[in-house]
There are 2 protein chains.
Amino acid sequence: MGEVFRVATYNCNSIRTRLPLILKWLAANRPDVLCLQETKVPDEEFPADAFREAGYHVVFRGQKGGAGVAIASLAAPDDVSFGLDDGGPPDEARLVRATVRGIPVVNTYVPQGRSPDHPMFRYKLEWLARLRDYFDRHFSPAEPLLWCGDFNVAPEEIDVHNPVRLKHHVDFHPEARAALERIREWGFVDVFRRHHPNEPGQYTFWDYRVPRALERNLGWRVDHIWATPPLAERSVDAWIDREARRAEKPSDHTFLVAEFKLPPG
Amino acid sequence: MGEVFRVATYNCNSIRTRLPLILKWLAANRPDVLCLQETKVPDEEFPADAFREAGYHVVFRGQKGGAGVAIASLAAPDDVSFGLDDGGPPDEARLVRATVRGIPVVNTYVPQGRSPDHPMFRYKLEWLARLRDYFDRHFSPAEPLLWCGDFNVAPEEIDVHNPVRLKHHVDFHPEARAALERIREWGFVDVFRRHHPNEPGQYTFWDYRVPRALERNLGWRVDHIWATPPLAERSVDAWIDREARRAEKPSDHTFLVAEFKLPPG
DNA sequence: GTACAGGGCG
DNA sequence: CGCCCTGTAC
């Protein structure tokens with residue numbers, strides 16, 4: 001037989017502002033794991049009690065200047081750690097890792113990069129290279145592993161509403177896409193795309209500044225759930241919950257969800 | 001015989017932040033007139049629709065740098081005007097006047113004065129002198145008239161929690177009290193005090209910066225409803241609604257309410 | 001467009 | 001303490 005394992009990722013763009021929406025979504029969807037990015041709170045202000053009252057464990061790492069990541073889970077998480085551990089800047093508010101029901105989950109908020117000529121863009125490319133190394137040092141593509149989060153990269157032309165005009169945007173820049181491709185080659189499957197091959201217009205982010213971006217579907221697919229092959233093969237479905245982007249005070253991103261059929265026990 | 005006319009005043013300290021609280025209070029209390037101060041919005045951002053949906057007319061004058069006044073009324077207002085009209089700075093965001101059901105209402109947000117040695121304190125004293133002249137030019141103490149608002153003056157020792165220590169505060173300064181007394185002498189009755197003579201500890205403002213000011217009742221009575229004698233004689237009750245200061249996101253002030261029995265018609 | 005930080009203010 | 005503002009980031 002086997003049990004369903006439901007995973008979701010959401011760039012909440014302030015956990016303070018989005019807490020009611022997240023609690024409602026958790027109650028309605030009850031995922032085994034929810035990965036959050038851009039929580040934008042220092043740890044002492046993270047609303048951990050609200051998650052516990054909703055029946056979730058939660059681990060998190062934030063700071064004052066933005067960023068911030070968290071993993072909420074129905075089962076208690078094991079082997080929790082934060083940041084890249086290669087001797088470079090650990091950037092702990094951008095990476096949290098936890099093992100839930102035996103499955104290692106890495107949740108990242110990849111640096112956005114500001115503009116192609118800004119030092120932050122070099123840092124983004126370097127960060128993705130360091131992340132590939134991180135997977136290589138800690139995991140094997142032959143074993144189950146989940147990588148979730150806001151990757152700040154749209155992998156393919158199909159993943160942006162205007163691939164020509166956006167060619168030099170930091171989230172669709174050839175160098176950013178190549179850096180992401182290096183990680184995919186290490187051994188990941190794009191779980192959403194596995195269930196929706198060649199489907200255009202499937203986005204997880206719509207820029208607040210673009211008028212009526214959601215209605216006109218002028219979006220980007222920059223949030224992802226990727227899995228190593230032994231886990232990806234067990235995926236049964238994946239979807240984007242656009243309704244959450246139509247809520248009262250929505251984030252500019254929305255929820256991405258994937259389901260896996262796990263062996264019993 | 002006769003109908004009740006209920007008037008309220010509230011320094012909301014940002015109409016944007018306080019709108020939910022105000023709408024709830026209006027629904028529960030249904031005053032004929034609500035005078036608001038420190039709306040802190042330019043006119044194009046005043047939430048007039050929300051008042052209309054609550055069944056209220058509303059007139060208002062605001063600006064970018066703070067201040068801002070409004071009069072909401074169940075009946076349509078007549079003779080609406082803004083500011084002092086004596087050739088000096090009109091300061092329109094500090095005075096709104098409207099006639100409701102035949103009763104002229106002047107709603108003011110008197111300048112606070114910053115400190116006794118600051119030019120703004122001289123401006124405050126001058127403003128109160130100009131206001132006395134304004135009443136003299138437009139009205140007669142022999143006719144009904146209401147003056148409501150944040151006067152930024154506690155008239156008597158009984159109206160502050162520590163009259164000795166606060167002697168030189170701009171809101172209890174002898175010169176400010178004298179300037180207010182000049183207006184009272186023109187022909188006003190302090191309606192709240194008429195119904196609560198010699199009652200200490202009756203305040204409408206508690207400084208945010210004083211820890212647990214409300215619980216310790218370290219307040220000030222600086223918000224007022226004053227009436228000319230023919231109207232004051234018809235007042236039947238007046239009270240301070242401290243509950244609104246215990247709400248979710250309260251202002252540092254609270255609502256002051258007065259009721260009048262008007263002749264039929 | 002939305003939310004942060006930091007500074008001014010009462 | 002909790003508004004305003006300005007500037008910055010995405």
Side-chain angles (χ1 to χ4, degrees), chain A residues 11-19 21 37-42 45 62-68 93-94 109-115 118-121 124 150-153 166 169-172 204-215 218-220 222-223 245 247-253, chain B residues 11-19 21 37-42 45 62-68 93 109-116 118 120-121 124 150 152 166 169-172 205-216 218-220 222 245 247-253:
Chain A
N11 179 321
C12 61
N13 188 4
S14 165
I15 186 101
R16 267 189 283 249
T17 307
R18 233 61 71 192
L19 187 59
L21 190 159
Q37 305 85 37
E38 283 209 86
T39 54
K40 290 185 173 175
V41 278
E45 290 170 47
Q63 60 187 31
K64 239 176 112 115
R94 292 192 182 274
Y109 174 51
V110 175
Q112 195 259 359
R114 301 184 65 160
S115 68
H118 194 282
M120 277 303 283
F121 186 58
K124 173 183 193 165
D150 180 352
F151 294 8
N152 263 317
V153 183
L166 300 173
H169 189 286
V170 289
D171 280 10
F172 190 58
T204 62
F205 165 76
W206 298 263
D207 193 322
Y208 279 141
R209 292 163 295 180
V210 175
R212 307 192 326 113
L214 186 73
E215 295 84 332
L218 301 180
W220 305 65
V222 292
D223 301 278
R245 180 59 223 259
E248 266 307 284
K249 291 169 57 169
S251 168
D252 42 1
H253 295 248
Chain B
N11 179 320
C12 61
N13 189 5
S14 167
I15 186 97
R16 268 189 282 250
T17 308
R18 234 60 70 191
L19 188 59
L21 191 159
Q37 305 85 38
E38 283 209 87
T39 54
K40 290 185 173 174
V41 278
E45 290 170 46
Q63 60 187 33
K64 236 176 112 122
Y109 174 52
V110 175
Q112 195 259 359
R114 300 183 68 156
S115 68
H118 194 282
M120 276 304 281
F121 186 58
K124 173 184 194 165
D150 180 352
N152 263 318
L166 301 173
H169 189 287
V170 289
D171 280 10
F172 190 58
F205 165 76
W206 298 263
D207 194 322
Y208 279 140
R209 291 164 296 179
V210 175
R212 308 191 327 112
L214 186 72
E215 295 84 332
R216 300 154 71 199
L218 301 180
W220 305 66
V222 292
R245 181 59 224 260
E248 266 307 283
K249 293 168 55 168
S251 167
D252 42 2
H253 295 248

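First the proteins, then the strands, lettered A, B, ... as listed; each starts at 1.
- Side-chain contact between B:V210 and B:R216: present, with at least one pair of heavy atoms (C-beta onward) separated by less than 4.5 Å.
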Filtered N/O pairs between nucleotides 5-8 of chain D and protein, under 3.5 Å:
from, atom 1, to, atom 2, distance (Å)
D:dC5, OP1, B:K64, O, 3.4

Per-nucleotide pairing state of DNA chain D [Watson-Crick or G-U, under 3.5 Å; [ ] pseudoknot-crossing; | other strand]: ||||||||||

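- The structure places CG of A:D252 at 12.5 Å from CH2 of A:W220, a figure rounded to the nearest 0.5 Å.
- At least one side-chain nitrogen or oxygen of A:S14 sits closer than 4.0 Å to the OP1 or OP2 atom of C:dC4.
- For D:dG2, the OP1/OP2 oxygens have no side-chain nitrogen or oxygen of B:T17 closer than 4.0 Å.
- Rounded to an integer number of Å, the gap from A:D150 CG to D:dA9 P is 18 Å.
- Look at B:R18 and you won't find any side-chain N or O under 4.0 angstrom from OP1 or OP2 of D:dG2.
- Straight-line distance from the NE2 atom of A:H169 to the P atom of D:dC10: 10 Å, rounded to whole Å.
- Where A:T39 and A:V210 each meet DNA chain C at their nearest nucleotide, the meeting point lying more 5' is that of A:V210.
- Partners of A:P250 by side chain to side chain contact (heavy atoms under 4.5 Å, CB included), not counting sequence neighbours, listed by chain and number: A:R245.
- The local environment of CD in B:E248 is sparse, with at most 12 non-hydrogen atoms from other residues, nucleotides or ligands closer than 6.0 Å.
- Judged by distance alone, with hydrogens and angles left aside, B:R209 brings no side-chain donor or acceptor close enough to the base of D:dG2 to form a pair under 3.5 Å.
- A donor-acceptor contact shorter than 3.5 Å links the side chain of A:R18 to the backbone of A:K249.
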